[in-house]
Amino acid sequence: MPSLSEAYRSHPVHVQHKHPDLNSLQELPESYTWTHHGHDDHTNSPASNESVPVIDLNDPNASKLIHHACTTWGAYQVLNHGIPMSLLQDIQWVGETLFSLPSHQKHKAARSPDGVDGYGLARISSFFPKLMWSEGFTIVGSPLEHFRQLWPQDYDKYCDFVMQYDEAMKKLVGKLMLLMLDSLGITKEDLKWAGSKGQFEKTCAALQLNSYPTCPDPDRAMGLAAHTDSTLLTILYQNNISGLQVHRKGVGWVTVPPLSGGLVINVGDLLHILSNGLYPSVLHRVLVNRIQRRLSVAYLCGPPPNVEICPHAKLVGPNKPPLYKAVTWNEYLGTKAKHFNKALSTVRLCAPS
Ligand SMILES: O=C(O)CCC(=O)C(=O)O
Ligand SMILES: [Fe+2]
């Protein structure tokens, strides 16, 4: 069975590796200048009071609320998710410390050209002519080797925080998967890969730390370009700096305001497939600002690598043909590495009615 890192490794996306230290630039270089995008958000439109739903996981109606949020937005924020605030602060501190290291130090843990983990530009960079105003660090499995390069003296305390975060996220994934499937009328017994305890303990994940340094010309820069996640679901912690936007059909770009202790849940491409197109995988992007560095931590969660994901039988019928063919995460990552935002349409069987 291919591991997640093997899956990524077999589908390398080539990203230019030498990039300037964004923290030291006084002007936006041409290579980072996107066309002006300040006008294309929804803030002046009549729908500006629309916002991504906030759901209390202790609410007895959570499953219904999730159904509504996922069909309309493909995203929601959660409160009372069980992750202690101290753990969120710890992982944020790891990110802050990591990205504050001198550039040459960070490059000691650079992602290898065909690799998945380590320091570098966003993997999606190769699909855009302009560079993004961000830096990232990806962790799959143990961060030990890279952290040893970054912090030769005290790497173990940073590793501990990552492991604790990973452990807590795994539990939350179990809870969220149950709720999100329930919201589709699917039980854990309906999915073989839900695991013997029905807690989705075999799901695979990558942890992505993102840093968006302050920018001298934020209106013309892009922190992270519009994309959907190749996951089942993504659990995102954003510190208290705004920047994340989601796209809603008919409304446009909508900012997801940071919520103290809140987590953003994105529907990824594989859950979109599993839901037979009912839940859109949310298109999202990140804008930057000139005042404060923004940090985010994304837990990118997918199925066990060799499991085939297809529209669930309960969501398919005579009037609802399956919209997608079955794909493993590995196969889908390959498709995404080739076709990026058109990947879903390449695994599509028929047009929606
Ligand atoms: O920084 C954010 O808020 C979003 C990050 C993201 O979309 C990703 O890592 O896939
Ligand atoms: Fe994302």
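Just so it is clear, the values below take in all heavy atoms, side chains as well, and ignore hydrogens, waters and symmetry mates. Starting from 1, each residue takes its place in the sequence as its number.
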Worksheet item: Applying the side chain to side chain contact (heavy atoms under 4.5 Å, CB included) test to L179, which of I66, V78, I265, I55 qualifies?
Response: I66

Worksheet item: Do T97 and W93 come within less than 4.5 Å of each other through their side chains, counting heavy atoms only?
Response: yes

Worksheet item: Between V54 and L259, is a side chain to side chain contact (heavy atoms under 4.5 Å, CB included) present by the stated rule, with each step listed?
Response: CA-CA 9 Å; V54 178; L259 213 61; 3.6 Å; yes

Worksheet item: If you measure from CG on L244 to CG on L224, what distance do you get to the nearest 0.5 Å?
Response: 9.5 Å

Response to the item:
A298 and T234 have their tightest heavy-atom pair at CB-CG2, 4.1 Å

Worksheet item: Can any side-chain N or O of W133 pair as donor or acceptor with the backbone N or O of T214 at less than 3.5 Å?
Response: yes

Worksheet item: Any link between L349 and L271 through a network of hydrophobic side chains (Ile, Leu, Val, Met, Phe, Trp, Tyr) touching at under 4.5 Å?
Response: no

Response to the item:
Test side chain to side chain contact (heavy atoms under 4.5 Å, CB included), reference L191, set I309, V307, L181, output is L181

Practice prompt. Show the numbers, then the answer: is there a side chain to side chain contact (heavy atoms under 4.5 Å, CB included) between C215 and L28?
Written response: CA-CA 8 Å; C215 179; L28 194 69; 3.9 Å; yes

Worksheet, complete the sentence: So CG of L176 and NE2 of H81: to nearest 0.5 Å the spacing works out to 9.5 Å

Worksheet entry | Separation between CE of M177 and CG of L232, rounded to the nearest 0.5 Å | 5.0 Å

Discussion item. Suppose we call two aromatic rings close when their centres sit under 6.0 Å apart. Are H68 and Y76 close by that rule?
Written reply: no

Worksheet item: Distance from D229 atom CG to I124 atom CD1, nearest 0.5 Å?
Response: 9.0 Å

Worksheet item: Take atom NZ in K314; do more than 12 heavy atoms of anything else shown fall under 6.0 Å from it?
Response: yes

Discussion item. Tell me whether M132 shares a hydrophobic cluster with L121, the cluster being built from Ile, Leu, Val, Met, Phe, Trp, Tyr side chains joined at under 4.5 Å.
Written reply: yes

Discussion item. How long is the straight-line distance from CD1 of I273 back to NE2 of H312, given to the nearest 0.5 Å?
Written reply: 14.5 Å

Discussion item. Does atom NZ (K130) have a neighbourhood of more than 12 heavy atoms from anything else shown, all under 6.0 Å?
Written reply: yes

Fill in: Side-chain touch L209/F99, heavy atoms, less than 4.5 angstrom
yes

Practice prompt. Determine whether F137 and V297 make a side-chain contact, defined as any pair of heavy atoms from C-beta on separated by less than 4.5 Å.
Written response: no

Item to complete: Check the hydrophobic clustering (I, L, V, M, F, W, Y; side-chain heavy atoms under 4.5 Å; chains of links allowed) and say if M85 and F161 are grouped together.
Response: yes

Response to the item:
Of all heavy-atom pairs linking P216 and L25, the shortest is CG-O, 4.0 Å

Worksheet item: Are W151 and L101 side-chain neighbours, meaning at least one heavy-atom pair lies under 4.5 Å?
Response: yes

Item to complete: For R220 and Y32, run side chain to side chain contact (heavy atoms under 4.5 Å, CB included): C-alpha distance rounded to whole Å, both residues' side-chain angles, the deciding distance at 0.1 Å, then the answer.
Response: CA-CA 8 Å; R220 297 197 300 152; Y32 286 83; over 6 Å; no

Worksheet entry | L131 backbone acceptor or donor facing W34 side chain under 3.5 Å | yes

Item to complete: For the pair Q238 (side chain) and S296 (backbone), establish whether a donor and an acceptor sit closer than 3.5 Å, ignoring hydrogens and angles.
Response: no

Worksheet item: Would you say the side-chain atoms of Q199 pair up with the backbone N or O of K170, donor to acceptor, closer than 3.5 Å?
Response: no

Worksheet item: If only atom types and distance count, is the side chain of K202 paired as donor or acceptor with the main-chain N or O of W193 below 3.5 Å?
Response: no

Discussion item. Show the nearest heavy-atom pair for residues T203 and C301, with the distance to one decimal.
Written reply: CB-SG, 3.8 Å

Item to complete: Looking only at non-hydrogen atoms, find the nearest pair between A75 and P53 and report the distance.
Response: O-CD, 4.0 Å

Worksheet entry | ILVMFWY cluster, Y324 and V316 together (side-chain gap under 4.5 Å) | no

Discussion item. Would you call the rings of F127 and F340 parallel, tilted or perpendicular, taking 30° and 60° as the class edges?
Written reply: parallel

Worksheet item: Just by distance, with hydrogens left out, do T328 and E308 show a side-chain donor and acceptor under 3.5 Å apart?
Response: no

Discussion item. Within the structure provided, determine whether E135 and L22 are in side-chain contact (heavy-atom separation under 4.5 Å).
Written reply: no

Worksheet entry | Atom pair CD1 (I139) and CG (D166), whose distance is rounded to the nearest 0.5 Å | 9.0 Å

Worksheet entry | Hphob cluster co-occupancy, L315 + V267, side-chain heavy atoms under 4.5 angstrom | yes

Worksheet entry | Short side-chain to backbone donor-acceptor contact, N341 and A226, under 3.5 Å | yes

Item to complete: Taking the side chain as every heavy atom from C-beta outward, state whether T231 and L270 have any atom pair closer than 4.5 Å.
Response: no

Discussion item. Testing the basics here: between P213 and S211, what is the closest heavy-atom pair and its distance to 0.1 Å?
Written reply: CD-O, 3.5 Å

Discussion item. Run L323 and C350 through side chain to side chain contact (heavy atoms under 4.5 Å, CB included) and show every step you take.
Written reply: CA-CA 5 Å; L323 294 182; C350 54; 3.8 Å; yes

Worksheet item: Tell me, do Y332 and P303 make a side-chain contact under 4.5 Å, heavy atoms counted?
Response: no

Discussion item. Would the distance check show the side chain of H146 and the main-chain N or O of R111 forming a donor-acceptor pair, the cut-off being under 3.5 Å?
Written reply: no

Worksheet item: Closest approach of L87 and A168, non-hydrogen atoms and distance?
Response: CD2-CB, 3.6 Å

Discussion item. With side-chain hydrogen bond (donor to acceptor under 3.5 Å, both in side chains) as the criterion, how do D269 and S281 come out once you've worked through the C-alpha distance, each side chain's angles and the decisive distance to 0.1 Å?
Written reply: CA-CA 5 Å; D269 294 343; S281 53; 2.8 Å; yes

Worksheet item: Distance-only, no hydrogens or angles: does the Q77 side chain make a donor-acceptor pair with backbone N or O of P257 under 3.5 Å?
Response: yes

Discussion item. Tell me whether R294 contacts the main-chain N or O of I241 through its side chain, where contact means a donor paired with an acceptor under 3.5 Å.
Written reply: yes

Worksheet entry | R148 and C159, any side-chain heavy atoms less than 4.5 Å apart | no

Fill in: Under 3.5 Å donor-acceptor, W329 side chain and S230 backbone
yes

Worksheet item: Would you say the side-chain atoms of R123 and T138 include a donor-acceptor pair closer than 3.5 Å?
Response: no

Worksheet item: Do E96 and Q92 get their side chains close enough for a donor-acceptor pair, meaning under 3.5 Å?
Response: yes

Worksheet entry | CD/E189: more than 12 non-hydrogen atoms of other groups inside 6.0 Å | yes

Item to complete: Please check if the distance between the ring centroids of H227 and H284 is under 6.0 Å.
Response: yes

